[in-house]
Q: 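Structure below; questions to follow.
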Amino acid sequence: MIKFLYADQLANQPKLAASMFRDRADQFHDRLKWDVSVDKNGFERDQYDHAGALYVIWEDNAGEHAGSMRVMPTTERTMIRDHFEDLTDSVDITSPLIWETTRFCISPRHAKDGKRIAGGVMLAGHELGLRFGLIASVGVFDLRMTRIYKALGWSPDVLGARGTGRDRICGGLWAFSPEIRSRIARNAGLDEALADIWFDASFTAPAPEQKALAA
Amino acid sequence: MEDLRESLWEETSLEGVQTLIAGLRDSLGVEHAVYHVVGGTGREYGAFTYSSDWVDHYKAEEFYRHDPVVNEAIRRFHPLDWKTLDWGPKKARQILTEAIDGGIGKQGLSIPVRGVGGQFAMFSVTGFESDAAWDKFIDEKCRDVLLSAHYIHDRVAQLMDGENTILAKPLSPRERDALAMLAAGKSRAEAADRLKISEHTFRVYVDTARHKLGAMNTVHAVAKAVSSGLILP
C-alpha cells in the first residue's frame, strides 16, 4: 500500500526508509548517472531531504520500498527554484497552490511491475492536489519518465529542457482533475478508490481505541 | 476568493488586519477565523474573530502545549483538518470540549505558513458543521483557505517588518506578459494562445505572479502590477 510520510515519520519505518534511499542511489546515481551524492550507508540523499519533506511511498509486501517521490511546498526553497530555473521558462515557480515533486523512483526489485507501481505513486500524488485544492505540481524529469507519464495518461506541460539524448532533462507542470484521476487509475490497472483509502490512512490519526489495540 | 471586499485588499495598519480577518471569515462563510504568527525573534501577533476571553483562557491554561493542531502544524505543511488529528490525550479532549462550549467551533481547518527568517504562522477557520458537511466545505474551499492564509500572512509581515516578505524572485517577463494580457481584457484561452503556452501553464504563471505580488486574487494582482508600473494599463 502507499503511505504518505514526512521525513520525521520515516524514523518509525527504518526498513522502508533505508530501501527507498538505496533504491534512489541505484536509480539516480548508478543507472541515470546524475550528479547526486551517496553516503556511506548507500543512501542517495540531498539537502531537500530535510525534516519538512513529505514522501509518497509504495510499500511492498516485504515492508520495503517499491516506488516513491518527494513532495514539498513551493512557498519554501525547492530543488527547482534553487537549481533549475532554466527549465521553468525563467519563472520562479512559487505559490501555496503549487507543490514540487522530485526524485520519482521505482525499485529495481519491481521493475517488471513498474507501470503499475509508477501509476500508484502518481495516483497518490495526484490525490494530494485534489484534496488540498492545489492547481499544479512542478517537477524535473528525464526522457525515460516522459514515456511513463504518457502511458499513464498524465503528461506534463513542458516548460523547458536542458541537454540532449539520454542526458536531456525537462521541467514540467502537472494539472489535477477528477478525470485525470480516473485515467491514471485505469491505465495503471488500479482501483481508483485506493487513492482515497491511502490518503485517509495516512492523513487521519487512528481513533484512541484503535491505537490502544495496536499498542 | 474573488468576492473579498476590495476595500480589504490593502489594509495599511495592524488594526485593519482585524477587519481583514472578519472579512475573510464572512467571505469563506465560516464561524470563526484566526491568524497567529511567531516571528524569528519570538515576536508574536494574532488576529481573530472570537472574543479575547477564549484567547486569555487558552493562554492561562497553556493549551498550546497540548493542542494537537499546534503540535501538527509546526511539523507539517499540508492543510490540517482538525477531525483527523489525535484528540485522544485527556488534555487534548479538554481543549476540544471547551472550544465547542465556548462557541469557537467543533470543526476546524488550519494552514501552516512559514515565512522568511524563521517565522511560523497558522491560519485557521472553524465551524459547527457535521463531519460530512465539513468534508464538503474542505472539498470546495480548501484552496480559498490556503490563499487566505498566505494573503493575511503577507499583509501582517509587511506591516510588522515594513518590507516584502515573500521569498521569491521578481516577476519574470513571462509572468508580466500573462498579467498584461489579462489587463488588456484577453480571455485565458486567447492569452495562452498568444503566448504559445497551454491554458494550464498560463493559469500557473498568473498564479505565481499573484503570489509574488501579495495579491488576494487575479483582479487584485493585475491592479497591483499596473499601479506599481510592472505592466502598462
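Per chain, numbering begins at 1; letters A, B, ... match sequence-line order.
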Q: Answer yes or no for Arg75(B) and Tyr6(A): cation-pi contact, defined as NZ/CZ to six-membered ring centre under 6.0 Å and angle to ring axis within 45°.
A: no

Q: Do other residues, nucleotides or ligands put more than 12 heavy atoms under 6.0 Å from Arg194(B) CZ?
A: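 No, CZ of Arg194(B) has 12 or fewer neighbouring heavy atoms, counting only those of other groups under 6.0 Å.
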
Q: Kindly compute the distance separating CZ (Arg143(B)) from CG (Leu134(A)), expressed to the nearest 0.5 Å.
A: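 These two atoms lie 7.5 Å from each other.
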
Q: Using a cut-off of 6.0 Å, state whether more than 12 heavy atoms not belonging to Lys91(B) lie near its atom NZ.
A: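 Yes, enclosed.
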
Q: Strictly under 6.0 Å, is that where the ring centroids of Phe176(A) and His200(B) end up?
A: no

Q: State which residue, out of Ile98(A), Leu159(A), Val138(A), fulfils the side chain to side chain contact (heavy atoms under 4.5 Å, CB included) condition with Val204(B).
A: Ile98(A)

Q: Atom CG of Asp89(A) and atom CD of Glu175(B): how far apart are they, to the nearest 0.5 Å?
A: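 Rounded to the nearest 0.5 Å, the CG-CD separation comes out at 9.5 Å.
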
Q: Using 0.5 Å steps for rounding, measure from the CZ atom of Phe77(B) to the OG1 atom of Thr75(A).
A: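 Here the interatomic distance stands at 9.0 Å.
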
Q: With a 4.5 Å heavy-atom cut-off, do Lys212(B) and Val91(A) have their side chains touching?
A: yes

Q: Taking Phe203(A)'s backbone N and O only, do any of them form a donor-acceptor pair with Thr84(B)'s side chain (distance below 3.5 Å, no angle check)?
A: yes

Q: Below 4.5 Å, heavy-atom pairs only: which of Arg114(B), Arg210(B), Glu72(B), His150(B) has the largest tally toward chain A?
A: His150(B)

Q: Any salt bridge between Arg131(A) and Asp81(B), counting N to O under 4.0 Å?
A: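 Salt bridge absent between Arg131(A) and Asp81(B).
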
Q: Rounded to the nearest 0.5 Å, what's the gap from CG on Asp207(B) to CD1 on Ile135(A)? Could you check?
A: 3.5 Å

Q: Quick check: closest heavy atoms across Arg81(A) and Lys169(B), and the distance to 0.1 Å?
A: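 Taking every non-hydrogen atom into account, O-NZ, 3.3 Å.
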
Q: Rounded to the nearest 0.5 Å, what separation is found between the CG atom of Leu54(A) and the CZ atom of Arg76(B)?
A: 8.5 Å

Q: Can you give me the closest heavy-atom contact between Ser172(B) and Ser90(A), atom names plus distance?
A: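 So the two residues come closest at CB-O, 3.3 Å.
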
Q: Determine whether Leu97(A) and Leu146(B) make a side-chain contact, defined as any pair of heavy atoms from C-beta on separated by less than 4.5 Å.
A: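 SC-SC contact between Leu97(A) and Leu146(B) confirmed.
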
Q: Is Thr74(A) close to chain B through its backbone or its side chain, or both, or neither, when contacts mean heavy atoms under 4.5 Å?
A: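 Looking at Thr74(A), nothing touches chain B.
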
Q: If you measure from OG on Ser95(A) to CG on Leu147(B), what distance do you get to the nearest 0.5 Å?
A: 7.0 Å

